[in-house]
**Student:** 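This is the structure, below, for whatever I ask next.
The figures here come from the full heavy-atom set of this structure, side chains too, leaving out hydrogens, waters and symmetry mates. Letters go in sequence order (proteins before strands), and every chain restarts at 1. Fair warning: this is a prediction, and the values are worked out from it, not measured in the lab.
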Amino acid sequence: GENVEQHPSTLSVQEGDSAVIKCTYSDSASNYFPWYKQELGKGPQLIIDIRSNVGEKKDQRIAVTLNKTAKHFSLHITETQPEDSAVYFCAASRGGNTPLVFGKGTRLSVIA
Amino acid sequence: DTAVSQTPKYLVTQMGNDKSIKCEQNLGHDTMYWYKQDSKKFLKIMFSYNNKELIINETVPNRFSPKSPDKAHLNLHINSLELGDSAVYFCASRLSGTPGGRSYNEQFFGPGTRLTVL
C-alpha cells in the first residue's frame, strides 16, 4: 500500500521568511495530493491540493509542487505570519473512494 | 452552518465500557470516513462508507463498529474500550463521482472527539 514520508517534523521560521515542507510517496498510481492545516483543538482543513497532471499550483502565499518521476511533492509558504503556526499534513491517494494516506505531520512555528 | 459535526467533543470513560461517537454532515456528501489521530498526531483511516455501504475497513478491531443510518450520518460504536483506544477521532466527508464533469476529492473534517480511556 501507499506510504507517505514527511519532513521535517518540526520547523521554526521567523515571521516573513519562507517555509518548505517536503513529502515523498511510494505508490506510483497515486494521483491526488492534498495538504491539510490543523490548528490546535480543530480538525484538519484543506489548504491546497494538486493532481498528478499538474506540476505546480499556487494560491496567494501558498504553493505546492509535484515531481511525479521522483514521487515527491512540497508545500511552500511565503511571507509567513504567526497565524500560519499549526501542524501541516501532506497526503496521497489514488483518488475516488480510495483513502487518503497521511504523512506524520510538520509542526510549523512562526516566530514574530 | 454547513459543516461536519461530531458529538461529543470530549469523552472520558473507564476501560471495558461501551461508547458511541456521532457524526453528521449537511454538505450533501455521499461518502463519510472515520480517522484516528494518536498522541503523536498520526492520522490513519479506519472506515469509509459510500451511500451507507462500507467500502473501506482498515484492519480495525471488531470492537469498533461503524453504523450509517443514512448518507448524512456515520456513527462509531466502540465496545470493551481499552487504554490504547485513547485518541482523537475525526469524521470526514466528501462528494464522490464527477458531478458536472469535475472530480471532487476534498475531504471535509469534523472538529474531532477526544476519547480518554482510564
Side-chain angles (χ1 to χ4, degrees), chain A residues 1-11 21 23 27 29-54 57 59 64 66 73 85-109, chain B residues 3-7 9-10 21 23 25 27 29-60 71 87-99 102-114:
Chain A
E2 176 66 276
N3 182 49
V4 177
E5 299 282 341
Q6 182 172 347
H7 299 280
S9 56
T10 59
L11 179 60
I21 303 171
C23 288
D27 185 355
S30 287
N31 59 17
Y32 176 64
F33 307 93
W35 286 88
Y36 281 83
K37 176 183 181 182
Q38 186 177 20
E39 297 177 331
L40 194 62
K42 296 184 178 179
Q45 184 174 16
L46 182 76
I47 54 171
I48 195 167
D49 57 9
I50 192 168
R51 298 173 197 280
S52 58
N53 59 349
V54 175
K57 185 176 177 181
D59 182 4
V64 57
L66 171 66
F73 55 113
S85 297
V87 179
Y88 291 80
F89 293 93
C90 63
S93 86
R94 293 186 174 192
N97 285 330
T98 59
L100 289 176
V101 178
F102 284 86
K104 292 193 174 181
T106 296
R107 184 177 298 278
L108 173 65
S109 300
Chain B
V4 181
S5 58
Q6 295 178 227
T7 53
K9 188 165 176 62
Y10 300 97
I21 306 171
C23 177
Q25 54 90 9
L27 299 166
H29 292 169
D30 57 358
T31 304
M32 297 184 72
Y33 307 82
W34 276 109
Y35 287 86
K36 179 181 180 180
Q37 186 172 48
D38 63 23
S39 58
K40 295 184 179 178
K41 294 287 190 182
F42 186 46
L43 264 170
K44 189 170 166 57
I45 183 75
M46 298 174 69
F47 300 102
S48 174
Y49 270 71
N50 177 259
N51 285 313
K52 302 193 300 174
E53 290 195 18
L54 179 68
I55 54 172
I56 295 171
N57 180 344
E58 290 286 322
T59 61
V60 178
K71 287 196 300 184
V88 181
Y89 292 84
F90 287 100
C91 178
S93 72
R94 69 176 279 268
L95 183 63
S96 69
T98 55
R102 180 189 163 189
S103 176
Y104 292 86
N105 289 102
E106 178 179 358
Q107 291 184 24
F108 292 78
F109 281 77
T113 296
R114 181 176 292 277

**Student:** Less than 4.5 Å apart, side chain to side chain, heavy atoms only: is that true for A:F102 and B:K41?
**Tutor:**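 No, every pair of side-chain atoms sits at 4.5 Å or beyond.
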**Student:** Between chain A and each of B:P111, B:G112, B:C91, count heavy-atom pairs under 4.5 Å; write down the option with the most.
**Tutor:**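 Winner by heavy-atom pair count: B:P111.
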**Student:** Using heavy-atom distances under 4.5 Å, tell me whether B:K9 contacts chain A through its side chain, its backbone, both, or neither.
**Tutor:**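 The side chain, not the backbone.
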**Student:** What distance separates B:E106 CD from A:L100 CG, expressed to the nearest 0.5 Å?
**Tutor:**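 That separation rounds to 10.5 Å.
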**Student:** Look at A:K104, A:Q38, A:R107 and state which one has the largest set of heavy-atom pairs under 4.5 Å with chain B.
**Tutor:**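 Looking at each of A:K104, A:Q38, A:R107 in turn, A:Q38 comes out on top.
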**Student:** Is it the side chain or the backbone of A:P44 that comes within 4.5 Å of chain B heavy atoms, both, or neither?
**Tutor:**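 Both backbone and side chain of A:P44 come within 4.5 Å of chain B.
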**Student:** Tell me which of these, B:K40, B:E58, B:Q37, B:K44, has more heavy-atom pairs under 4.5 Å with chain A than the rest.
**Tutor:**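 The residue among B:K40, B:E58, B:Q37, B:K44 with the greatest pair count is B:Q37.
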**Student:** Can you confirm whether more than 12 heavy atoms, excluding those of A:Q45, are under 6.0 Å from its CD atom?
**Tutor:**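 Incorrect, the count does not exceed 12.
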**Student:** Which atom names give the shortest non-hydrogen contact between B:I56 and A:T98, and what distance separates them?
**Tutor:**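 Here B:I56 and A:T98 meet closest at CD1-C, 4.3 Å.
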**Student:** Is it the side chain or the backbone of B:L43 that comes within 4.5 Å of chain A heavy atoms, both, or neither?
**Tutor:**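 Both backbone and side chain.
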**Student:** Do A:Y36 and B:Q107 make a side-chain contact, defined as non-hydrogen atoms from C-beta onward lying under 4.5 Å apart?
**Tutor:**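 Sidechains of B:Q107 and A:Y36: in contact.
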